[in-house]
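What follows is one structure encoded as structure tokens, with my remarks underneath.
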Amino acid sequence: MNSKNKTIAANNACLLVIDVQLDFCPGGALAVEQGDLVVHPINQLIKRAENSVLTQDWHPKDHSSFASSHAEKQPFSVIEMPYGKQTLWPDHCIQNSVGAEFHPELNSQAAQTIIRKGFRSEIDSYSAFFENDGRTVTGLDGWLRAKNIQTLYLAGLATDYCVAYSALDAARLDFDVHVVLPACRAIDLDGSLAHQLEAMQQSGITLLEKIPE
Ligand code: VGL
Ligand code: ZN
């Protein structure tokens with residue numbers, strides 16, 4: 001077996017770069033602490049990866065995940081939606097706004113595909129595969145399967161929301177999933193980081209403590 005077969009450079013592997021957008025970086029509307037520090041390690045990964053996909057949180061301005069879309073609701077409170085519980089967020093990643101842009105130093109040109117998610121006002125989408133109803137697909141699974149991809153490396157923002165939901169769906173879809181922790185940063189709301197790290201481990205996802213070769 002070629003030694004490349006088990007690395008991020010293999011042609012059956014793909015890097016998923018989750019939501020490296022200005023609103024999730026310091027100074028942004030839903031800033032993740034040190035969110036900008038993921039950019040350089042991710043650029044290294046993009047350079048090595050044979051396949052890479054970026055995701056972009058892409059909300060209409062009246063999106064139902066925004067606290068501002070609900071009377072008397074505060075950001076970070078939780079409401080019941082037809083599809084289950086939904087955390088309400090400050091307005092972020094509004095379509096065509098500066099905050100929705102990729103970090104300017106992210107090597108976004110090198111990626112083959114961009115998956116936009118959360119663009120239906122009535123439903124949020126943390127995962128790169130399914131929206132928060134657990135059924136509406138983004139099309140990413142079909143794209144990966146058409147290219148015979150079996151192994152995924154995930155990095156980006158935020159570890160405990162969009163990265164974790166994407167990784168957990170990918171494991172359910174039977175991909176071999178690796179999360180590159182030094183290239184991720186978390187929101188960590190009410191213990192969400194510990195909870196999601198545990199859930200990922202339970203699902204057989206590999207949590208990498210170092211940038212893979
Ligand atoms: C995200 C909360 C709301 C994320 C997106 O990218 O992790 N989190 N929208
Ligand atoms: Zn969002």
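We use all heavy atoms of the structure for the numbers below, so side chains are in, but hydrogens, waters and symmetry mates are not.
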Is the shortest heavy-atom distance from the side chain of [X] to the side chain of [Y] under 4.5 Å?
{"X": "Glu131", "Y": "Asp124", "value": "no"}
{"X": "Val179", "Y": "Leu181", "value": "yes"}
{"X": "Pro41", "Y": "Ile211", "value": "yes"}
{"X": "Leu140", "Y": "Leu16", "value": "yes"}
{"X": "Leu157", "Y": "Val163", "value": "no"}
{"X": "Leu15", "Y": "Asn51", "value": "no"}
{"X": "Cys93", "Y": "Phe24", "value": "yes"}
{"X": "Val180", "Y": "Leu45", "value": "yes"}

Check the surroundings of atom [atom1] in [X]: do more than 12 heavy atoms from other residues, nucleotides or ligands lie under 6.0 Å from it?
{"X": "His195", "atom1": "NE2", "result": "no"}
{"X": "Lys147", "atom1": "NZ", "result": "yes"}
{"X": "Glu213", "atom1": "CD", "result": "no"}
{"X": "Glu122", "atom1": "CD", "result": "yes"}

Is the backbone of [Y] close enough, under 3.5 Å, to the side chain of [X] for a donor and an acceptor to pair up by distance?
{"X": "Gln56", "Y": "Arg116", "answer": "no"}
{"X": "Asn132", "Y": "Tyr126", "answer": "yes"}
{"X": "His63", "Y": "Ile123", "answer": "yes"}
{"X": "Arg48", "Y": "Pro212", "answer": "yes"}

List the steps and the verdict of side-chain contact (heavy atoms from CB on, under 4.5 Å) for Asn107 and Lys47. CA-CA 9 Å; Asn107 184 13; Lys47 227 184 275 169; 5.8 Å; no
Determine the minimum heavy-atom distance between [X] and [Y], stating which atoms define it.
{"X": "Phe129", "Y": "Ala170", "value": "CE1-CB, 3.7 Å"}
{"X": "Ser127", "Y": "Thr138", "value": "O-CG2, 4.3 Å"}
{"X": "Gly118", "Y": "Pro60", "value": "O-CD, 3.6 Å"}
{"X": "Pro26", "Y": "Ala31", "value": "CA-CB, 4.1 Å"}

Identify whether [X] and [Y] are in the same connected component of the hydrophobic contact network (ILVMFWY, side-chain heavy atoms under 4.5 Å).
{"X": "Val177", "Y": "Ile149", "value": "yes"}
{"X": "Ile42", "Y": "Leu152", "value": "no"}
{"X": "Ile8", "Y": "Leu106", "value": "yes"}
{"X": "Phe76", "Y": "Val78", "value": "no"}
{"X": "Val17", "Y": "Val39", "value": "yes"}

Throw together a table of side-chain donor-acceptor distances under 3.5 angstrom for residues 202-209, partners on residues two or more places apart or in other chains.
| unit_1 | atom_1 | unit_2 | atom_2 | d |
| --- | --- | --- | --- | --- |
| Gln202 | NE2 | Glu198 | OE2 | 2.8 |
| Ser203 | OG | Ala199 | O | 3.0 |

Exactly one of Ser97, Ser68, Ser69, Ser65 should register a side chain to side chain donor-acceptor pair (under 3.5 Å) with Asp91. Which one does? Ser68
Atom [atom1] in [X], atom [atom2] in [Y]: separation rounded to 0.5 Å?
{"X": "Ile114", "Y": "Ser108", "atom1": "CD1", "atom2": "OG", "answer": "6.5 Å"}
{"X": "Ser64", "Y": "Arg120", "atom1": "OG", "atom2": "CZ", "answer": "12.0 Å"}
{"X": "Tyr165", "Y": "Ser125", "atom1": "OH", "atom2": "OG", "answer": "11.0 Å"}
{"X": "Ser77", "Y": "Gln86", "atom1": "OG", "atom2": "CD", "answer": "10.5 Å"}
{"X": "Ile18", "Y": "Ser166", "atom1": "CD1", "atom2": "OG", "answer": "4.0 Å"}
{"X": "Trp58", "Y": "Gln95", "atom1": "CH2", "atom2": "CD", "answer": "6.0 Å"}

Donor-acceptor pairs are to be reported for all side-chain atoms of residues 184-194 against protein atoms at under 3.5 Å, with residues two or more places apart or in another chain.
| unit_1 | atom_1 | unit_2 | atom_2 | d |
| --- | --- | --- | --- | --- |
| Arg185 | NE | Gln34 | OE1 | 3.1 |
| Arg185 | NH1 | Pro182 | O | 3.3 |
| Asp188 | OD1 | Leu193 | N | 3.2 |
| Ser192 | OG | Asp160 | OD2 | 2.7 |
| Ser192 | OG | Leu189 | N | 2.8 |
| Ser192 | OG | Leu189 | O | 3.1 |

Can you run down the side-chain hydrogen bond (donor to acceptor under 3.5 Å, both in side chains) pairs that involve residues 13-24, sequence neighbours left out, and say none if there aren't any? Asp19-Thr55, Asp19-Lys117
Carefully, step by step, assess Gln74 and Leu88 under the rule side-chain contact (heavy atoms from CB on, under 4.5 Å). CA-CA 7 Å; Gln74 293 303 313; Leu88 296 178; over 6 Å; no
Any luck finding a side-chain donor-acceptor pair between Gln150 and Asn12 under 3.5 Å? yes
Given the ring of Phe130, does Arg172 sit roughly above its face, with NZ or CZ under 6.0 Å from the centre of the six-membered ring and within 45° of the axis? no
From CA spacing to verdict: ring pair (Phe, Tyr, Trp, His ring centres under 6.0 Å), Phe66, His59: CA-CA 9 Å; Phe66 296 169; His59 298 311; 5.4 Å; yes
Picking from Leu154, Asp169, Thr151, Leu144, what satisfies side chain to side chain contact (heavy atoms under 4.5 Å, CB included) with Phe175? Leu144
Would you call the rings of Trp89 and His92 parallel, tilted or perpendicular, taking 30° and 60° as the class edges? perpendicular
Determine whether Ile46 and Gln44 satisfy the following criterion, side-chain contact (heavy atoms from CB on, under 4.5 Å), listing intermediate values before the conclusion. CA-CA 5 Å; Ile46 291 176; Gln44 287 186 300; over 6 Å; no
Quick one: do Val53 and Trp143 satisfy side-chain contact (heavy atoms from CB on, under 4.5 Å)? Show the steps, please. CA-CA 10 Å; Val53 172; Trp143 189 90; 3.4 Å; yes
